[in-house]
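Structure first, then comments.
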Amino acid sequence: RRAYCVKKDAPANISIPVRKDHIADVLGSLNVYGQVAVQSPPSFRPSNEAEGNLEIDREHVLEGLAKRLAGARVSIDKAGSTVQGRLVGLHTEEVGNGLSRIVHKFLVVLTDNGFQRLPLSEIQKLRFDDATIQSEIEKALQRNFEKIKPNSTFVELALSTDQDETEATVQYAVPAAAWKISYRLRQMDEHPYEFQAFAIVDNNTEEDWNDFLVSVVTGEPITFSTDLADSKTPRRKHVNVVRAMALGAVEVEEGMVMAGAPAEYFSVAPEGGGAASMKLSRSAGGGAMQKRRSRPTGGALRLDGMDMDFTSGDAGLAAETTDAEVRDAGDFCIFESTTPVSIGANRSAVIPVFNTTLGKSKTVLHYKLANHPERPFRAIEFANETAYSLGRGVCTVFHDGDYAGNCILPATKPGGDALLPHALETGVRVRHENKRLRSKVVSLRLIRGYCYTRSRETQETLYRWKNNRAEAFQVVLDHDYLLKEPEVQSALTQADGTAMPLASDASLKNGLRLRFELKPNEELSISVTETRIDESSVRLVHVTTKEEQLNMHWIQENLVTKNGPLADDLGIQKCLEIQRRWEAKQDDVKNAVLETQRLAERQERLRKNISTGGHDDQTSQWKTSLGEAENKIVQLEEADIPRLRGEEKTIRAELQEAMLSLAAEWQAEDTARPAASKT
């Protein structure tokens, strides 16, 4: 944010230096405040103004220009005269041979008197008379220079006022490095925790920030780069005056009315998130620019690999620092420094944000199997007693002046809390054991060709604790569920076998949190028993387009063979009796078909015997047997087998009807209502 003194009848011409790749950000966020008028609109050189096709060979400048700019009008000064004309090209001529060979180079120029050769060694000055060619050379040189250092440009505008004297503020945003936050938590003996926050601000620009006020903002606005600063000519569509084809039929699509007011266009200067902004101001008295305020902002608040101790020499309370002013702006929390700060170009600074005490925070042990299977972590049960939101950042913990570990402080609203594990506790051991999953059927129900089964699944987890320190701990245990949405019972068992229920302290996304006290040199165990009722179903009668599938074997294997609770049900016994008759009839059909096959094989042997010849009596007997076999086959195929299959079909239909009519239910006496179930 830059401030300017504008006087009546003396327009203020403002020139804002920016990097060319930042022009779009400046244009998208530029605002002017005050009792002033914009006399001339903001103007700038497009960021792609240096684009062109000319490349300059830095080792052979004249030769390269002569080849690439043939046809351009030139003025060439040499000793005693000036030659004007059109550049034709470069001519090379060799004189001599062997080691004495010399190469002469000439510029060839078409003058009013014809072609003229000018030796390169005699040329003192070469000028291109065409301004367009001179501009292309300037662009080529500028592109080469930008490869070494990104080129800067200016956004220029003029302000006027009808007041005798007034102050105008020009505000805009440019990309800057996102700031990081670093916290300190200190505990001295029995004193409350001292809580400090520092902002790590990076000046990644090419200019020094001298004596400015810094504001850091937590939040996540949307930001992106655009092509506002590029000069572009849209490709035009070609239109034929004469149509290649006559007009054909036109169909009109049915429309849908869309209600709503036209959108309003507005610009927002980024105030948080990953896009950083910088605001500069000039004093009302005018004169040289003076940086007064910078607002690097950051959404991803983190600091890796940086530990800084601001304690005083006696490791007592922290050195005195000036707190920043804090205010909220929508979803943003803004920390504004009250004293000027200076940060040199491409340097960083650690700026104090606040320093307060926390009376509710305390030290606990935190255990979660996924974090460490055998040891809990020392943690701070942190309570945000400040009046503002805290961003996510690294927190360094000190105890009695000694470094105690690092942790991540999550984003925390006022009044919120968080557990901050910062060091492994080696004096306490935990042994974790998952008991075998147990499953027991608690109810059965047969109805309309289905068997519905409810089973109780039980999973027990045991945590054995041993405290080897002569120190008592408050313990926070996070248990992840092994079953889906179970009913849970927890208990604490002491070394002497005394057990007592342990209530859940909090519910987690997929688990629960338990809290208990671990006394000095104590051993105890925590058991967590998860119970869940699972429902499943089996289709006993399945009607398809081809046939009805009967799943009577499942009833036999699961309800009868295992002597289940419904094994003696009259409906099931009836189905079993019909099943036996159906299987017997299936055997009859199978035997009849096998008999038909046996008779056919006998006929084949008889025919072979008859064809080989023999005594008349024997041949006559074979023919008689052949006729009898044929009669039996006809009887089986046309009468017996169709009758048996009809009887089988009738019994099968009777079994299907009996299975569909099954209606039985059993429930264990100790069955409880399920907390959650799955079908």
Side-chain angles (χ1 to χ4, degrees), residues 183 185 301-302 358 360-385 389-395 397 405-425 428-438 456-465 473-493 499-518 524-534 672-678:
Y183 299 104
L185 265 172
L301 308 180
R302 62 188 185 276
L358 305 176
K360 298 180 181 179
S361 298
K362 58 184 179 181
T363 300
V364 298
L365 293 185
H366 176 259
Y367 176 82
K368 186 174 182 179
L369 178 65
N371 295 338
H372 197 283
E374 296 183 352
R375 303 287 185 182
F377 282 84
R378 281 187 177 255
I380 296 175
E381 197 166 29
F382 174 83
N384 185 4
E385 301 175 49
S389 300
L390 301 177
R392 182 174 181 268
V394 166
C395 180
V397 180
N406 274 6
C407 55
I408 296 294
L409 177 65
T412 310
K413 294 291 185 181
D417 53 39
L419 273 174
L420 308 179
H422 56 83
L424 193 68
E425 175 52 64
V428 177
R429 180 181 293 275
V430 184
R431 294 194 180 277
H432 167 271
E433 179 183 358
N434 286 330
K435 301 290 186 179
R436 183 175 59 88
L437 177 65
R438 292 176 294 170
R456 180 193 292 119
E457 295 181 342
T458 303
Q459 177 71 65
E460 182 180 1
T461 303
L462 193 62
Y463 300 92
R464 292 187 173 91
W465 291 75
F473 296 100
Q474 291 292 324
V475 181
V476 176
L477 168 62
D478 285 352
H479 171 78
D480 290 334
Y481 291 146
L482 300 177
L483 301 181
K484 185 178 180 180
E485 299 180 358
E487 285 187 340
V488 182
Q489 291 182 344
S490 305
L492 184 152
T493 304
M500 62 185 70
L502 187 62
S504 173
D505 183 69
S507 177
L508 305 177
K509 183 178 180 181
N510 186 40
L512 56 83
R513 175 166 291 168
L514 302 172
R515 189 185 296 270
F516 59 94
E517 181 182 3
L518 185 61
L524 56 81
S525 62
I526 303 294
S527 63
V528 181
T529 303
E530 304 174 34
T531 304
R532 179 178 180 272
I533 300 298
D534 180 71
R673 297 297 298 173
S677 62
K678 175 183 68 176

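This is a predicted model, so every value here is computed, not measured. Keep in mind that the numbers below use all heavy atoms, side chains included, and drop hydrogens, waters and symmetry copies. If you read the sequence from its start, that first residue is 1, and numbering goes on from there.
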How far apart are the closest heavy atoms of [X] and [Y], and which atoms are they?
X    : Y    : answer
S525 : L462 : CB-CD1, 4.2 Å
P421 : H366 : CG-ND1, 4.3 Å
L514 : S504 : CD2-CA, 3.8 Å
E385 : S361 : OE2-N, 4.0 Å
L518 : L524 : CD1-CD2, 3.8 Å
D417 : T412 : N-CG2, 4.0 Å

Could you give the distance from [atom1] ([X]) to [atom2] ([Y]), rounded to the nearest 0.5 Å?
X    : Y    : atom1 : atom2 : value
N384 : L390 : CG    : CG    : 4.0 Å
L409 : L185 : CG    : CG    : 7.5 Å
K368 : L508 : NZ    : CG    : 7.0 Å
H432 : E374 : NE2   : CD    : 12.0 Å
L424 : R375 : CG    : CZ    : 7.0 Å
C395 : F382 : SG    : CZ    : 7.5 Å

Donor-acceptor pair, [X] side chain versus [Y] backbone, under 3.5 Å?
X    : Y    : answer
T363 : I380 : no
R532 : K484 : yes
E530 : L482 : yes

Identify whether the distance between the nearest side-chain nitrogen and carboxylate oxygen of [X] and [Y] falls below 4.0 Å.
X    : Y    : answer
R513 : D505 : no
E425 : R378 : yes
E381 : R515 : yes

Between V364 and V475, does a side chain to side chain contact (heavy atoms under 4.5 Å, CB included) hold up when you go through it step by step? CA-CA 6 Å; V364 298; V475 181; over 6 Å; no
Contact between [X] and [Y] at the side-chain level, heavy atoms closer than 4.5 Å - yes or no?
X    : Y    : answer
V397 : N406 : no
L512 : V488 : yes
P410 : L420 : yes

Verify side chain to side chain contact (heavy atoms under 4.5 Å, CB included) between I526 and L477, making sure each step is shown before the conclusion. CA-CA 9 Å; I526 303 294; L477 168 62; 4.0 Å; yes
Tested for ring-ring contact (aromatic ring centres under 6.0 Å, His included) against Y367, the lone hit among F377, F473, W465 is W465
Assess the residue pair T531 and E457 against the criterion (side chain to side chain contact (heavy atoms under 4.5 Å, CB included)); give the C-alpha distance rounded to whole Å, side-chain angles, the decisive distance to 0.1 Å, and a yes or no. CA-CA 6 Å; T531 304; E457 295 181 342; over 6 Å; no
Within a reach of under 6.0 Å around CD of E517, are more than 12 heavy atoms found that belong to other residues, nucleotides or ligands?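 Buried by this count: over 12 neighbours within 6.0 Å.
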Consider only side-chain N and O atoms of N434 and T461, and report whether a donor and an acceptor are under 3.5 Å apart. yes
Working for side chain to side chain contact (heavy atoms under 4.5 Å, CB included), residues Q459 and L483: CA-CA 7 Å; Q459 177 71 65; L483 301 181; 4.1 Å; yes
Please enumerate all residues that pass side-chain hydrogen bond (donor to acceptor under 3.5 Å, both in side chains) together with Y481, with sequence neighbours excluded. none
Mind checking what makes side-chain hydrogen bond (donor to acceptor under 3.5 Å, both in side chains) contact with K435, not counting sequence neighbours?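 With sequence neighbours excluded, K435 shows a side-chain hydrogen bond (donor to acceptor under 3.5 Å, both in side chains) to E433, given in chain and number order.
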